Amino acid sequence: MQKLIKTVAELREGIDVVRRRGQSIGFVPTMGALHEGHLSLVRAARAECGCVVVSIFVNPTQFGPNEDFSKYPRTLDNDIELLAACGVNMVFCPSENEVYRKGHDTWVEVGAAAVPLEGECRPGHFRGVATVVLKLLNMVRPDAAYFGQKDYQQALVIRRMAADLDLPTEIRVCPIVREPDGLAMSSRNRYLSPAARQRALVLWKSLVLANELVEQGERDARTIAARMREVIESAEDARIDYVALVDPDSLRPVENIEGPTLAALAVKIENTRLIDNCILRGERRG
Ligand code: PAF
């Protein structure tokens, strides 16, 4: 039976019982509006752990003042049904006051991994993400926590935090789940009109092109990024936040594709901001 939990005290009681039984705990933090991408994380946790906990909390501190916090899709009843079908043991859906109690005034200061790309476009975003993830990890105390590679930089920031702050939880990063036509699954896809949903395929097409160019021997990052931009800009209302070819660990821009390179994009289509990425596998010379 799946338990719906709203308070930290109740969650701790439930976790203590699981621990006394000697079961391992897998944790999937989410903001709800669940799709196959989230469910793939839940299934990975289900396969590896005795008890699976999923949180559903739209975290206000990771949204900027002009972002979509108030309109972010909230589909709790449907989410709970999907999670029950995946065999989740506990769903933690706290209120804002339960997570950020009166007087909350402590934040995780994130470092270099949080500076470029999303960090530049969304100031303060990763401070909010890291703080809430650390709080949730302290509440659940899981053996493993599961994140999606679609939010590549988020996963990197969280891995860094877990290593730097000696968190006992293993951070697992699972592959991007795509629609059959290539669009990366995202809760924000549901903002798109059917026509914009079609135009949004330019993100995937630009990543496919980047891969093809690398396979054909192109190594110049500027050339590849320019060709990716052309594909994206073929969608009439596409507004590019960034098209970046960077080192997958440091996120520093690369000039030549000489080893695994992260191609990362953020693009607004019809005012919906979408992100996507893939690793380009350039061969090392020599
Ligand atoms: O990826 C998300 O949905 C959120 O950033 C997370 C990790 C649940 C923190 O609010």
Side-chain angles (χ1 to χ4, degrees), residues 5 8 11 26-42 44-45 52-64 67-76 78-80 82-83 86 88 90-100 104 106-108 110 113-114 117-119 121-140 142 144-162 165 167 169-177 184-191 264 266 272-277:
I5 296 176
V8 179
L11 176 69
F27 175 48
V28 183
T30 81
M31 299 205 297
L34 302 181
H35 50 69
E36 268 304 309
H38 297 109
L39 300 183
S40 72
L41 306 180
V42 171
V52 178
V53 182
V54 175
S55 64
I56 297 179
F57 178 63
V58 185
N59 174 35
T61 67
Q62 69 188 73
F63 289 81
E67 293 183 359
D68 56 343
F69 173 68
S70 55
K71 75 162 193 181
Y72 197 84
R74 286 153 170 94
T75 57
L76 187 61
N78 188 51
D79 292 349
I80 288 169
L82 291 172
L83 295 174
C86 290
V88 166
M90 296 184 211
V91 181
F92 178 48
C93 39
S95 67
E96 210 174 303
N97 290 336
E98 185 69 13
V99 175
Y100 295 105
H104 175 97
T106 302
W107 302 93
V108 176
V110 282
L117 310 178
E118 291 299 289
C121 299
R122 306 184 67 188
H125 171 66
F126 287 122
R127 175 194 199 242
V129 168
T131 301
V132 83
V133 169
L134 181 60
K135 283 171 70 64
L136 290 166
L137 292 176
N138 281 332
M139 293 170 193
V140 179
Y146 297 77
F147 297 86
Q149 165 149 354
K150 187 170 91 50
D151 295 292
Y152 185 98
Q153 191 176 9
Q154 165 172 286
L156 201 67
V157 168
I158 288 166
R159 275 201 159 139
R160 185 78 263 156
M161 172 178 80
L165 301 184
L167 303 186
T169 300
E170 194 162 323
I171 306 298
R172 295 247 209 280
V173 182
C174 301
I176 297 177
V177 179
M185 295 212 180
S186 163
S187 303
R188 289 185 170 101
N189 289 351
R190 61 187 86 196
Y191 296 149
T272 294
R273 189 170 184 281
L274 302 171
I275 58 173
D276 202 347
N277 69 78

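Counting begins at 1 with the first residue of the sequence. Numbering of ligands and ligand atoms starts at 1, following listing order. Computed over heavy atoms, backbone and side chain alike; hydrogens, waters and symmetry mates excluded. Worth saying up front: this structure is predicted, and the values here are computed from it rather than measured.
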Residue, atom and distance of the protein heavy atom nearest atom 2 (C) of ligand 1 read Gln154 NE2, 3.8 Å
| query | Looking at side-chain heavy atoms only, is the closest gap between Leu34 and Thr75 below 4.5 Å? | reply | no
Quiz prompt | Arg172 NZ/CZ over Phe27 ring centroid, <6.0 Å and within 45° of normal | solution = no
_With heavy-atom distances below 4.5 Å as the criterion, would you say the side chains of Leu134 and Leu165 are in contact?_
yes
Atom 3 (O) of ligand 1 has as its nearest protein heavy atom Met31 CG, 3.6 Å
### Message
Within the supplied structure, the quantity of interest is the number of heavy atoms (other residues, nucleotides, ligands) at a distance under 6.0 Å from Arg160 CZ; does it exceed 12?
### Response
no
Counting from 1 in the order shown, the ligand 1 atoms closer than 4.0 Å to a non-hydrogen atom of Val132 are 9 (C), 10 (O)
In this structure, atom 9 (C) of ligand 1 is nearest to the protein heavy atom Gln62 OE1, 3.3 Å
| said: Is a donor from one side chain sitting under 3.5 angstrom from an acceptor on the other, for Asn59 and Tyr72? | reply: no
Short version for Ile158: what comes under 4.0 Å of ligand 1, heavy atoms counted, is neither
